[in-house]
Amino acid sequence: MLRIVVYGQPAPQGSKRHVGKGVMVESSKKVQPWRTDVKNAAETALRENRQLRINGPVTARIIFSLPRPKAHYRTGRNAHLFRDNAPPRPATTPDLSKLIRSTEDALTAAGVWADDARLVEIARAAKVWCGEDPEALDRPGALIVIQPYISITTISPSSDLL
């Protein structure tokens, strides 16, 4: 199992735009810093765990921790309390699927796996508020847990276990 903690502002892999002469660039300026944060954290985790690149199928949990906007809190002496209409989860941009895409690309660049096609199952993918979920970080970033995929052996109807 490889546990990677990334601190930084999660950014989605957005659309690319054409700038001429066949050159495409990422439309979001936040993607590259996020990919760099993920790559650095992944390389550190690989070194600390003395782990090599994963070549087989893997499963992952990716929990993105996002800061709760100040507008979600009351004011004055109740400033520590949430407003009644404060959402329980970040149900706005960035899109969860685009966050996963940018993170997968950074993990590939870090050498965690040969290709993100190795990812066969995401056991949990979530956007949560910082500190408000058992797997949330205390500040913006992501918790990424990668482990080898283990298939469940099918038990035949003639098995003694039935």
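The structure displayed is predicted, hence computed values, not measured ones.
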According to a 4.5 Å side-chain heavy-atom criterion applied to Ile, Leu, Val, Met, Phe, Trp and Tyr, with indirect links allowed, do Ile122 and Leu143 form part of one hydrophobic cluster?
-> no
Non-hydrogen atoms of Ile146 and Ala60 that approach each other most closely | CG1-CB, 4.3 Å
Would you sort out whether Arg118 and Val112 count as a side-chain contact (heavy atoms from CB on, under 4.5 Å), showing the intermediate values?
-> CA-CA 10 Å; Arg118 300 284 192 241; Val112 169; over 6 Å; no
Side-chain contact test, heavy atoms from C-beta onward, threshold under 4.5 Å: evaluate it for Arg3 versus Asn49 and give yes or no.
-> no
Minimum-distance pair of heavy atoms, taken over all atoms of Ile63 and Val128 = CG2-CG2, 3.7 Å
Same apolar cluster (I L V M F W Y, side chains within < 4.5 Å links), Trp129/Leu99 = no
Closest non-hydrogen atom pair, Trp34 against Ala142 = CH2-CB, 3.8 Å
So do the side chains of Asp37 and Tyr7 get within less than 4.5 Å of each other, counting heavy atoms only?
-> no
Does one hydrophobic cluster hold both Val145 and Tyr149, with members joined at side-chain heavy-atom distances below 4.5 Å?
-> no
Point-to-point distance, once rounded to the nearest 0.5 Å, from CD1 of Ile100 to CG of Leu107 = 11.5 Å
Side chain proximity check, Val120 to Thr59, heavy atoms < 4.5 angstrom = no
Measuring from Ser65:OG to Asp138:CG, what's the distance to the nearest 0.5 Å?
-> 8.5 Å
Can Asp84 and Arg74 be said to form a salt bridge (Lys or Arg N to Asp or Glu O under 4.0 Å), step by step?
-> CA-CA 9 Å; Asp84 292 338; Arg74 297 174 187 245; 2.8 Å; yes
Are side-chain heavy atoms of Pro87 and His72 found at a separation under 4.5 Å?
-> yes
Looking at side-chain heavy atoms only, is the closest gap between Glu48 and Leu2 below 4.5 Å?
-> no
With Glu135, which residues qualify under salt bridge (charged side-chain N to carboxylate O under 4.0 Å, His left out), at least two apart?
-> Arg61, Arg124
Roughly how far apart are Ile62 CD1 and Ile4 CD1, rounded to 0.5 Å?
-> 9.0 Å
Nearest heavy atoms of Pro140 and Cys130, plus distance in Å = N-SG, 3.4 Å
Under a 4.5 Å cut-off applied to non-hydrogen side-chain atoms, are Glu104 and Gln13 in contact?
-> no
Partners of Asn40 by side chain to side chain donor-acceptor pair (under 3.5 Å), sequence neighbours excluded?
-> none
Non-neighbouring partners of Arg83 that pass salt bridge (charged side-chain N to carboxylate O under 4.0 Å, His left out), sequence neighbours left out = none
If Ile, Leu, Val, Met, Phe, Trp and Tyr residues are connected whenever their side-chain heavy atoms lie under 4.5 Å apart, and connections chain through other members, are Leu96 and Val31 in the same group?
-> no
NZ/NE/NH1/NH2 to OD/OE distance under 4.0 Å, Lys39 and Asp105 = no
d(Lys70 NZ, Thr75 OG1) to nearest 0.5 Å is 13.5 Å
Looking at Lys127 and Arg89, what are the two nearest heavy atoms and their distance?
-> O-CD, 3.2 Å
Calculate, to the nearest 0.5 Å, the distance between atoms CG and CH2 belonging to Asp115 and Trp113 respectively.
-> 9.5 Å
Check whether Leu66 and Leu137 end up in the same hydrophobic cluster, where Ile, Leu, Val, Met, Phe, Trp and Tyr are linked by side-chain heavy atoms less than 4.5 Å apart.
-> no
Are Pro67 and Gln9 side-chain neighbours, meaning at least one heavy-atom pair lies under 4.5 Å?
-> yes
Is there a donor-acceptor contact under 3.5 Å from the side chain of Lys98 to the main chain of Thr93?
-> no
